[in-house]
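Notes to accompany the following structure.
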Amino acid sequence: MNVQGALKVGRVYLRERGIGSCDIDARVLLSRVTGLDHTGILLNGDRVLSGGEREDYSRLLERRAEGEPVAYLVGGKEFMGLDFMVSPAVLIPRPDTELMVEKAIELLKEGKINLLVVDVGTGSGAIAISLAYLVPELLVHCVDISADALEVAAKNAELNGVAQRVKLHQGNLLASLPQELLDKVGLITANLPYIPTEDIHGLMPDVKNYEPHLALDGGADGLDLYRQILPAAQAFLQPGGHLLMEIGPGQGEATLAILPEETWQGKLYHDLANRERLVVATKALAV
Ligand SMILES: C[S@@+](CC[C@H](N)C(=O)[O-])C[C@H]1O[C@@H](n2cnc3c(N)ncnc32)[C@H](O)[C@@H]1O
């Protein structure tokens, strides 16, 4: 079988098993086993696959047909134009989360806050590492409760050449941060689990069966961890500093409502599809 034929066979195999993204998935998996990039696949249609490549490709197609996400099968995902390694220990970074990174960069570039960021629930490190890469002076402290996730974040910091400005801490919310950061942090990015517990069973099988539930379940209304983090976030942020919380559609009003008016000013942002996606809570200047 040649490259062109393999692409066609893979596409049909996945389509017949109900995989909507069969075209792109077959191409990405074929690219993985042959080492050819997108253009390489187009230009090398006649190249014959070796026996080993054919076997690897069939195995990956079978796993994809079972619902395993492509990012886990190939071990990587692009985010903010950068390459991230992913494993089943971490959530696959979502394009929706790029809004948080863009907003954080906008706030940092205003020049009113310290170039000191905390990324809580760092997972693969997608947010923290993108920020460190795109804002050269920035120092980022990352926290995750999962040691396995932090191992992936460490590799990604190396991979993207920012390990020197990315510090990793294991712990619950902000409990493991050094005390010398109190009152100094310019901005906290938090993409903590925000899916209401009872919605987890209705998630797509790719997500529900393969991604870590520790990264998804946000308690009864999805906002448990955001409620819990507020006092410590208030303590670590400098006056006028910002806490950025990713949310799901329909959680905007409820998230604004958890912010005590005397200490926080909240603002809701929508993503490109006009869905509620982000709340920026700014610490009052005089508390
Ligand atoms: C939704 S994922 C976000 C991952 C990554 N920041 C991203 O945007 O792709 C949430 C992350 O929060 C971590 N987490 C869950 N509970 C936590 C807690 N109490 N303290 C710190 N991290 C927590 C999970 O291990 C997971 O890596």
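Quantities reported herein were computed from a predicted structural model and do not represent experimental measurements. Heavy atoms only: backbone and side chains are in, while hydrogens, waters and symmetry mates are out. Numbering starts at 1 and runs along the sequence shown. When a ligand or atom number is given, it counts from 1 through the structure's own listing order.
Every atom of ligand 1 is numbered from 1 in the order shown, and the set under 4.0 Å from a heavy atom of P193 is 10 (C), 12 (O), 15 (C). In the vicinity of N172, heavy-atom distances shorter than 4.0 Å reach the ligand 1 atoms 18 (C), 19 (N), 20 (N). Residue G171 approaches ligand 1 through these ligand atoms, each under 4.0 Å from one of its heavy atoms: 20 (N), 21 (C). Per-residue contacts place G123 under 4.0 angstrom from the following atoms of ligand 1 (heavy atoms of the residue considered): 4 (C), 27 (O). Residue contact check: L214 has heavy atoms under 4.0 Å from atoms 15 (C), 24 (C), 25 (O) of ligand 1. The ligand atoms of ligand 1 that sit less than 4.0 angstrom from a heavy atom of I127 are 6 (N), 8 (O). Heavy-atom proximity to L225, at under 4.0 Å, picks out these atoms of ligand 1: 16 (N), 19 (N). Those atoms of ligand 1 that come under 4.0 Å of a heavy atom in T97, given as number and element, are 8 (O).
Electrostatic pairing of E106 and K103 counts as a salt bridge here, judged by a charged N lying under 4.0 Å from a carboxylate O. The pair D221-R227 meets the salt-bridge criterion, with a side-chain N (NZ, NE, NH1 or NH2) lying under 4.0 Å from an Asp/Glu carboxylate O. Using a cutoff of 4.0 Å between basic side-chain nitrogens and carboxylate oxygens, R64 and E68 are not scored as salt-bridged. Using a cut-off of 4.0 Å between Lys/Arg side-chain N and Asp/Glu carboxylate O, D119 and K167 are scored as not salt-bridged. At a threshold of 4.0 Å, the pair R94-E246 does not count as salt-bridged, since none of the basic side-chain nitrogens sits closer than that to a carboxylate oxygen. Using a 4.0 Å cut-off between charged side-chain N and carboxylate O, D96 and R275 make a salt bridge.
Of all protein heavy atoms, the one closest to atom 12 (O) of ligand 1 is G121 CA, 3.2 Å. What sits closest to atom 5 (C) of ligand 1 on the protein, heavy atoms only, is T122 O, 3.3 Å. Protein heavy atom at the shortest distance from atom 9 (O) of ligand 1 is P93 CA, 3.8 Å. The protein heavy-atom contact nearest to atom 1 (C) of ligand 1 is A215 O, 3.0 Å. Summary of contacts: the protein heavy atom closest to atom 23 (C) of ligand 1 is I145 CG2, 3.7 Å.
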Next on the checklist: side chain to side chain contact (heavy atoms under 4.5 Å, CB included), that's the test. Do L243 and K283 meet it? Break it down for me.
Outcome noted: CA-CA 8 Å; L243 168 64; K283 176 174 167 173; over 6 Å; no
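For ligand 1, the polar-atom distance check finds an N/O of L173 within less than 3.5 Å of one of the ligand's N/O atoms.
Comparing L216, I229, N191 against atom 8 (O) of ligand 1, the shortest heavy-atom distance belongs to N191.
Between the side chains of T197 and D217, a donor-acceptor pair is found at a separation under 3.5 Å.
If you look at D144 next to ligand 1, the close heavy atoms, those under 4.0 Å, come from the backbone and the side chain alike.
Remark: side-chain polar atoms of R165 are paired, donor with acceptor, to backbone N or O of A132 under 3.5 angstrom.
A cation-pi contact, defined as under 6.0 Å to the ring centre and within 45° of the axis, links R17 to Y13.
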